[in-house]
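When a ligand or atom number is given, it counts from 1 through the structure's own listing order. What's counted below: heavy atoms across the whole structure, side chains too, no hydrogens, waters or symmetry copies.
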Amino acid sequence: MARVGGFPRSRPRRLRLFKAVRDLVAETRLDPGNFILPIFVNDNVDKPVETKALEGHYYYPPQSPELVDLISRSMDLGVRAFLVFGIPSTKDYHGGEAWSRDGVVQRALRFIRGEVGSKPILFTDLCLCGYTDHGHCGLPVNSRRGMVIDNDSTLDIYAKIAVSQAEAGADFVAPSGMMDGQVKVIREALDNAGFTDVGIMSYSAKYASVFYGPFRGVMDSAPRFGDRRSYQMDPRNAWEALREVLFDVEEGADIVMVKPALAYLDVIRLVKENVPHVPLAAYNVSGEYMMIRKAAELGVVNGEVAVLEVLTAIARAGADMIITYHALEAAEIIRSGKIPF
Ligand code: PBG
């Protein structure tokens with residue numbers, strides 16, 4: 001029975017009455033083509049081994065058929081972009097394995113290219129923390145403030161890593177160390193080496209976050225002394241993210257990133273609204289992934305619905321692409337048509 005007087009005049013519920021209408025007016029849609037799947041190649045394993053800290057994710061030997069299988073399976077689901085992380089067999093002060101021609105990531109890339117060609121988009125994480133015996137993303141030196149991470153000598157090393165990853169077949173290098181000027185130095189190094197079409201996805205606004213915990217377990221990359229607060233951003237700052245993003249764009253970044261994603265949706269929105277013309281990635285990080293997995297395991301939430309809701313929120317906030325450990329399960333749900341909205 002309608003109320004008299006034509007009230008309510010506006011009835012937003014008309015657009016929610018049944019699924020086809022809801023789909024018709026949906027503002028945000030997830031597409032596996034916008035997901036980037038992190039993968040871990042590890043020189044200390046001779047067969048795929050499940051990681052402890054990131055359940056459901058495996059270490060792969062760099063030249064294994066299973067690694068190629070993973071990539072082919074993902075491509076079949078529509079996930080065509082991968083972010084490759086390496087765990088070397090030896091670590092040292094300078095992280096020499098990160099730019100060795102025969103480093104774990106370099107061998108993995110050559111192998112993948114040899115097996116599946118140019119079809120997958122290969123991003124390489126460009127950092128030192130997984131390769132150094134001190135676990136920092138840059139080089140520690142003694143200063144009047146005690147041990148500090150030296151910015152400029154680290155840049156020289158990043159340039160070498162970039163060129164060696166490009167030589168091995170990377171489409172995009174992804175500097176994640178939060179050193180000032182890293183994008184400019186890497187762009188120049190790539191251009192000088194002839195890799196003008198290798199791009200840069202910069203971890204522009206990367207916060208010093210507790211949600212990286214599981215990842216550091218997987219990479220064995222926790223800092224052996226101190227913490228990363230002198231180079232990663234302070235969680236209390238949002239406007240500063242714009243500054244970091246604008247520097248990176250000016251220095252030549254092709255894609256910028258906000259990381260983590262879930263606790264920083266406001267930052268994603270701020271960057272998208274103010275720098276709308278640059279593709280924006282958001283990194284749905286390891287701790288965020290495990291929180292949902294554990295909550296689902298405990299029966300607190302339905303895991304499938306939670307994954308889709310969270311990824312939708314990140315896209316709705318303004319991310320053009322999402323780096324996520326949920327990529328394959330989300331792609332499967334999307335493909336099967338069981339989207340829970
Ligand atoms: C390293 C790096 C980190 C992540 C990606 N590259 C974190 C860190 O230890 O600072 C985090 C990814 C994740 O938690 O999923 N510079």
Side-chain angles (χ1 to χ4, degrees), residues 35-42 51-59 82-88 91 95 97-98 104-105 123-132 134-140 149 151 154-155 157-158 161-162 165 172-180 182-183 186 200-235 244 255-264 281-294 310-311 314 319 321-327:
F35 297 156
I36 302 174
L37 176 70
I39 52 185
F40 298 95
V41 293
N42 186 340
T51 67
K52 288 200 186 71
L54 266 173
E55 292 170 6
H57 286 266
Y58 287 74
Y59 294 121
F82 305 89
L83 176 57
V84 183
F85 291 95
I87 297 103
K91 304 188 189 229
E97 280 298 295
V104 58
V105 165
F123 291 79
T124 45
D125 186 76
L126 193 169
C127 200
L128 283 181
C129 54
Y131 297 86
T132 49
H134 43 77
H136 275 288
C137 306
L139 300 179
I149 304 307
N151 196 85
T154 302
L155 295 181
I157 294 190
Y158 284 1
I161 303 175
Q165 292 178 340
F172 291 86
V173 299
S176 63
M178 289 297 281
M179 296 296 127
D180 295 334
Q182 60 186 13
V183 173
I186 289 168
I200 300 175
M201 173 171 75
S202 180
Y203 288 66
S204 305
K206 175 177 179 179
Y207 286 86
S209 171
V210 74
F211 295 108
Y212 306 152
F215 173 91
R216 290 181 188 171
V218 169
M219 294 283 293
D220 181 30
S221 65
R224 308 296 192 261
F225 66 89
D227 55 51
R228 304 212 205 290
R229 283 179 296 180
S230 76
Y231 42 105
Q232 298 179 347
M233 282 182 59
D234 187 322
E244 288 280 6
I255 301 170
V256 295
M257 189 201 300
V258 171
K259 175 186 175 186
L262 270 190
Y264 297 85
Y283 200 142
N284 176 215
V285 300
S286 57
E288 299 176 328
Y289 165 82
M290 284 303 290
M291 277 201 300
I292 291 194
R293 243 186 115 92
K294 288 297 178 196
V310 155
L311 294 179
I314 296 169
M321 61 198 95
I322 306 173
I323 303 161
T324 178
Y325 304 96
H326 296 297

Using the ring centroid of each side chain, check whether His136 and Phe225 are separated by less than 6.0 Å.
yes

Ionic contact status for Lys294 with Glu55, cut-off 4.0 Å
yes

If the contact criterion is a heavy-atom separation under 4.0 Å, does Tyr289 count as touching ligand 1?
no

What residues form a ring pair (Phe, Tyr, Trp, His ring centres under 6.0 Å) with Phe211, not counting sequence neighbours?
none

Single hit among Tyr212, Tyr325, Tyr283 for ring pair (Phe, Tyr, Trp, His ring centres under 6.0 Å) with Tyr289:
Tyr325

Please classify the Met219 to ligand 1 contact at 4.0 Å (heavy-atom distances, strictly less than): side chain, backbone, both or neither.
neither

Numbered atoms and elements of ligand 1 in range of Ser176, under 4.0 angstrom, heavy atoms:
1 (C), 6 (N), 16 (N)

Nearest candidate to atom 15 (O) of ligand 1, where distance is taken over non-hydrogen atoms, out of Tyr203, Tyr212, Tyr325
Tyr325

Of Met178, Lys259, Glu288, the residue with the heavy atom nearest atom 11 (C) of ligand 1 is Lys259

With atoms numbered from 1 as shown, which atoms in ligand 1 lie under 4.0 angstrom from a non-hydrogen atom of Asp125?
6 (N)

Do the non-hydrogen side-chain atoms of Asp125 and Leu83 ever get within less than 4.5 Å of each other?
yes

Protein contact of atom 16 (N) of ligand 1 - nearest heavy atom, named by residue and atom, plus distance:
Lys206 NZ, 2.8 Å

Does some non-hydrogen atom of Cys137 fall short of 4.0 Å from ligand 1?
yes

Pairwise side-chain contact, Tyr231 with Asn151, heavy-atom cut-off 4.5 Å (strictly under):
no

Is the shortest distance from a heavy atom of Gln232 to ligand 1 less than 4.0 Å?
yes

Under a 4.0 angstrom heavy-atom cut-off, which atoms of ligand 1 come close to Tyr283?
12 (C), 15 (O)

Quick one: ring pair (Phe, Tyr, Trp, His ring centres under 6.0 Å) partners of His134, sequence neighbours excluded?
Tyr93

